[in-house]
A.B. asks: 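Got a structure for you, written out below as structure tokens; questions coming shortly.
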Amino acid sequence: MASFMEDLWSSIFTPGPTPTLLIATNVTFAALQLIFLVLFLATYSLHFVALSIISGGLWWSINWFAAEVRLAQQAQEAEKEKQGSEGDAKTRKSPAVGESADSETETEVLVPRKIDDKSAAVATGSATSGLMPTARDPKKRLSTGDGSGYGSTDSEWEKVDDTQS
């Protein structure tokens, strides 16, 4: 019994339906059905019949789902074996850094581009490009990029503290 309890505890942390977990689930639902039968015979209340039907449906659906998961796992294993036997190591794509071989995610690598003088002038808006105005209005305040409308920063508070002391 102690070994079963240890297996049950470890099966909780194992993905998928383990045999130990399914046995515990089936025994628990069988005991629940027995309790509903005893309570029905003691009280003749139809509520226990309804609860028994609901419990039986849940019991059946758990076992159905466990069987479907088991079939899906077997299909995945068969597909992995099929792919392993068909392809060799040379034709497989090597995984990117931090990516396992069975991962379906793709990694995008950013490559820095070279910028020539003309495109740099356009990007910075210099006077030589002819696309941007040649002089800026010195009275205009540059935007800080904060779209909230609240432009206070720590450095502004430091300015206030400096003027007061």
Side-chain angles (χ1 to χ4, degrees), residues 1-115 119-120 123-124 141-161:
M1 183 66 167
S3 173
F4 179 78
M5 293 305 286
E6 290 174 4
D7 290 343
L8 181 61
W9 181 256
S10 65
S11 70
I12 292 171
F13 303 107
T14 305
T18 60
T20 307
L21 191 60
L22 288 175
I23 290 170
T25 302
N26 287 324
V27 168
T28 304
F29 272 104
L32 183 62
Q33 289 293 335
L34 182 64
I35 289 172
F36 283 148
L37 177 65
V38 169
L39 288 172
F40 173 71
L41 294 176
T43 63
Y44 293 109
S45 173
L46 293 178
H47 292 94
F48 294 114
V49 174
L51 289 172
S52 178
I53 291 170
I54 292 169
S55 173
L58 181 60
W59 187 5
W60 175 83
S61 66
I62 288 173
N63 283 320
W64 171 81
F65 185 76
E68 289 294 317
V69 168
R70 195 175 310 121
L71 287 174
Q73 286 174 341
Q74 289 173 353
Q76 262 185 341
E77 289 172 5
E79 186 176 321
K80 282 183 182 179
E81 289 175 7
K82 182 180 176 184
Q83 286 179 351
S85 64
E86 286 179 356
D88 52 36
K90 291 181 182 177
T91 60
R92 290 188 192 154
K93 185 177 109 178
S94 63
V97 175
E99 182 179 323
S100 63
D102 58 348
S103 175
E104 293 182 8
T105 59
E106 295 180 4
T107 305
E108 183 176 330
V109 179
L110 298 176
V111 179
R113 296 185 318 177
K114 293 182 179 179
I115 300 176
S119 62
T124 60
R141 183 176 174 189
L142 294 177
S143 171
T144 59
D146 184 20
S148 67
Y150 183 74
S152 178
T153 62
D154 290 338
S155 62
E156 290 178 4
W157 284 107
E158 290 172 2
K159 290 177 188 175
V160 171
D161 288 341

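The residues of the chain are indexed from 1 along the displayed sequence. What you see below is based on every heavy atom in this structure, not just the backbone, and it leaves out hydrogens, waters and symmetry mates.
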A.B. asks: The criterion is side chain to side chain contact (heavy atoms under 4.5 Å, CB included); which residues satisfy it with S61, sequence neighbours excluded?
C.D. replies: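 Partners of S61 under the side chain to side chain contact (heavy atoms under 4.5 Å, CB included) test: L58.
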
A.B. asks: Kindly state each residue pair satisfying side-chain hydrogen bond (donor to acceptor under 3.5 Å, both in side chains) with at least one member in residues 66-78, sequence neighbours excluded.
C.D. replies: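 For residues 66-78, and leaving out neighbouring residues, there are no side-chain hydrogen bond (donor to acceptor under 3.5 Å, both in side chains) pairs at all.
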
A.B. asks: Could you measure the distance from the CE atom of M5 to the OG1 atom of T20? Nearest 0.5 Å is fine.
C.D. replies: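 Result: 11.0 Å between the selected atoms.
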
A.B. asks: Could you give the distance from OG1 (T28) to CD1 (I23), rounded to the nearest 0.5 Å?
C.D. replies: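 T28 OG1 to I23 CD1: 11.5 Å, rounded to 0.5 Å.
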
A.B. asks: For N26, give me all partners under side chain to side chain donor-acceptor pair (under 3.5 Å), at least two apart in sequence or on another chain.
C.D. replies: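 By the side chain to side chain donor-acceptor pair (under 3.5 Å) rule, N26 matches W59, N63.
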
A.B. asks: Can you name the side chain to side chain contact (heavy atoms under 4.5 Å, CB included) partners of F65, sequence neighbours left out?
C.D. replies: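 Per chain and number, F65 pairs via side chain to side chain contact (heavy atoms under 4.5 Å, CB included) with V69.
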
A.B. asks: What pairs with S55 under side chain to side chain contact (heavy atoms under 4.5 Å, CB included), at least two apart in sequence or on another chain?
C.D. replies: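 Here the qualifying residues are F29, L32, Q33, F36.
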
A.B. asks: For S10 and D7, which heavy atoms make the closest approach, and how far apart are they?
C.D. replies: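 The answer is OG-O, 3.0 Å.
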
A.B. asks: I'd like to check the side chain to side chain contact (heavy atoms under 4.5 Å, CB included) partners of V38; sequence neighbours left out, ordered by chain and number.
C.D. replies: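 Per chain and number, V38 pairs via side chain to side chain contact (heavy atoms under 4.5 Å, CB included) with no residue.
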
A.B. asks: Indicate every side-chain donor-acceptor pair of residues 40-49 with a distance under 3.5 Å to a residue at least two apart or in another chain.
C.D. replies:
| residue | atom | partner | partner atom | Å |
| --- | --- | --- | --- | --- |
| T43 | OG1 | L39 | O | 2.7 |
| T43 | OG1 | S45 | N | 3.3 |
| S45 | OG | H47 | N | 3.3 |
| S45 | OG | H47 | ND1 | 3.0 |

A.B. asks: Among all residues two or more places apart in sequence or in another chain, which pass the ring pair (Phe, Tyr, Trp, His ring centres under 6.0 Å) test with F13?
C.D. replies: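 For F13 the ring pair (Phe, Tyr, Trp, His ring centres under 6.0 Å) partners, ignoring immediate neighbours, are W9.
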
